[in-house]
Amino acid sequence: MSLVRVDALHKSFGNNEVLKGIDLSIEAGEVVSIIGRSGSGKSTLLRCLNQLESHDSGVIEINGRTLDATTMTPARLSEEVGMVFQNFNLFPHKTVGENVMLAPMVVRGERERDAARRARKELERVGLAEKFDAWPEQLSGGQQQRVAIARALALSPRVLLCDEITSALDPELVGDVLRVLEQLASEGMTLILVTHEMGFARDVGNRVVFMHQGRIHEQGDAKTLLSEPQTPELQQFISAVL
Amino acid sequence: MTDFTLWDIVRNLLLAMRWTVALSLIAFAGGGLVGLALTVLRLSPAAWVRRLVALYIELFQGTPLLMQLFLAYFGVAALGVDISAWTAATIALVLFTSAFLCDIWHGCVRAIPVGQWQAARVLGLDRLRTLRHVVLPQALRIAIAPTVGFSVQVIKGTALASVIGFAELTRTGTMLNNATFQPFTIFAFVALGYFLLCYPLSLYARYLEKRLNVAGSR
Ligand SMILES: Nc1ncnc2c1ncn2[C@@H]1O[C@H](COP(=O)(O)OP(=O)(O)O)[C@@H](O)[C@H]1O
Ligand SMILES: [Mg+2]
């Protein structure tokens, strides 16, 4: 059974149809890179997967359970899906440690001591154990993004969604974040990434999904697809970004 | 009648000032609680709830506080309910304060980036938990200065309670004047009383504002 199954997903904003029938299956442990031009619907697809946007029609199943705002509370959904944003979105009024501890304590009812221990472990995983008591504003963008990853991991989601999480970073900081993702991938984490990092998509990803005008235009094995794109649109896209 | 010494006047005004302070505190505390509830309601997913709160605010911001006091006192009395000046003044000032505070605080909540809501949501926090742990603490920080600033308006607003016979600072000044016919002295002292209450708050609000601008985003 696929971990994530999307079937005939449609989504419009007003009369702008952004997703025009998406079918997608993702297995546990897969690393899937979603690429495509700006405006092709990548973020919207990702945001439908965790109900930040509601879809108009079609089915989304995660771990065998249908996503439906009336049955899936944010708390329940957070057991399945985590998300990291382009702009980190750390909570500026909380320390790094508190950022990671908040949801386990508030949503899961964990005791402070347990949440702190878990937070230290996750921060260590992203190489920031010593920043536990720092404030987000004292960190570089790359460090903030790694804290955001640790914060998501502290809830042990089955899937981690990443929406262009290196796009807001200075080039020299991108590598740190990608290394964390690579390590997660090697540990078997299921990752769905919207990314412009073609090297990463090819070397770490299992699969590439190319979106074009609200549809999955082409998809397949990462290395094959990126070296031998079949459609002129993907050929054009690849030559534009490389 | 006229053998009021200056000290008598000052003493009476100081005693009356207690009621101005008490009324201000109650209006502010009560208005704060109601205002907080309204702020949360104004973020409701239901459009009609938001509209209702918006209407409430328009109503209290769009009519003079004096009329609100009249309605609370004479209006309620006309309905056959026995209401004291103290109760009427309290109710009117609490409602008035809540509308303005809700407006100030709603603006502060709206100033928190939508990314904060989304980050909390994907971490499993529902609306109320997001408000409580993520949005309101940040909004509070930027709300303190304008809130303290508005408290000055509340203090000055309590003077209007004199017209329904509530014996706070202004009313007491009027009564003393009727007895002594020394309007300049008396109302100078009354004004000084308000100034002593309000000026420190204004200074404090300005200080908070400056500190906020220096402190940056945390
Ligand atoms: N909240 C929204 N309201 C209206 N239109 C939106 C919204 N979010 C995205 N869109 C529109 O949907 C289209 C796809 O956007 P998006 O999914 O962000 O694309 P991508 O991530 O591939 O750049 C764009 O035309 C964008 O303007
Ligand atoms: Mg996008």
Side-chain angles (χ1 to χ4, degrees), chain A residues 43 46-47 49-54 69 72-95 98-110 134-138 144-145 147-148 150-157 159-163 168, chain B residues 32 36 39-41 43-50 104-148 207-218:
Chain A
S43 294
L46 227 52
R47 292 162 61 82
L49 292 182
N50 63 6
Q51 292 190 332
L52 282 180
E53 300 289 355
S54 59
M72 274 279 203
T73 61
R76 176 73 188 79
L77 187 60
S78 71
E79 294 169 18
E80 311 289 352
V81 190
M83 183 162 189
V84 183
F85 300 86
Q86 182 174 345
N87 297 318
F88 332 134
N89 292 337
L90 293 183
F91 305 134
H93 62 303
K94 294 190 175 292
T95 63
E98 288 166 350
N99 261 273
V100 183
M101 290 159 64
L102 178 70
M105 288 175 64
V106 166
V107 179
R108 303 270 165 89
E110 276 182 31
W135 294 94
E137 66 185 12
Q138 298 170 324
Q144 289 192 46
Q145 195 58 295
V147 172
R151 183 172 72 171
L153 292 176
L155 292 172
S156 318
V159 192
L160 189 61
L161 310 177
C162 301
D163 193 356
Chain B
L36 182 64
T39 304
V40 174
L41 282 178
L43 297 162
S44 156
W48 67 270
V49 176
R50 294 197 302 267
I104 292 172
W105 294 346
H106 181 68
C108 295
V109 167
R110 292 283 301 272
I112 305 305
V114 67
Q116 293 286 306
W117 287 90
Q118 294 181 353
R121 165 74 186 268
V122 301
L123 288 169
L125 279 73
D126 55 26
R127 291 181 77 82
L128 283 180
R129 283 168 171 164
T130 300
L131 269 174
R132 163 141 180 247
H133 296 282
V134 176
V135 174
L136 288 184
Q138 294 182 62
L140 184 71
R141 232 186 104 256
I142 50 178
I144 290 177
T147 302
V148 173
Y207 160 78
L208 288 170
E209 190 119 30
K210 211 177 290 168
R211 205 185 59 171
L212 188 70
N213 290 338
V214 172
S217 67
R218 190 194 317 157

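Letters go in sequence order (proteins before strands), and every chain restarts at 1. Values below: all heavy atoms of this structure, side chains included; hydrogens, waters and symmetry mates excluded.
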Selection from A/L77, A/L90, A/L102, A/V106 maximising heavy-atom pairs under 4.5 Å formed with chain B: A/V106

Hey, does A/L161 have a side-chain heavy atom less than 4.5 Å from the side chain of B/V122? no

Under 4.5 Å to a heavy atom of chain B? For A/Q51 that would be both

Among A/P104, A/A154, A/A148, A/S78, residue most engaged with chain B (heavy-atom pairs, under 4.5 Å): A/S78

Do the non-hydrogen side-chain atoms of B/L123 and A/F91 ever get within less than 4.5 Å of each other? yes

So which of A/N87, A/V81, A/N50, A/L52 has the biggest tally of heavy-atom pairs under 4.5 Å with chain B? A/L52

Taking the side chain as every heavy atom from C-beta outward, state whether B/D126 and A/T73 have any pair of such atoms under 4.5 Å apart. no

Are any of the side-chain heavy atoms of A/P92 and B/Q116 separated by less than 4.5 Å? yes

Heavy-atom check, side chain of A/M83 versus side chain of B/Q118, under 4.5 Å: no

At a 4.5 Å cut-off on heavy atoms, which part of B/R129 comes close to chain A: side chain, backbone, both, or neither? side chain

Under 4.5 Å heavy-atom distance to chain B, tell me which part of A/R151 shows up: side chain, backbone, both or neither. both

With respect to chain A, which residue among B/P137, B/A119, B/P113 yields the maximal number of heavy-atom pairs within a distance under 4.5 Å? B/A119

Heavy-atom closest pair, residues A/H93 and B/H133: NE2-O, 2.9 Å

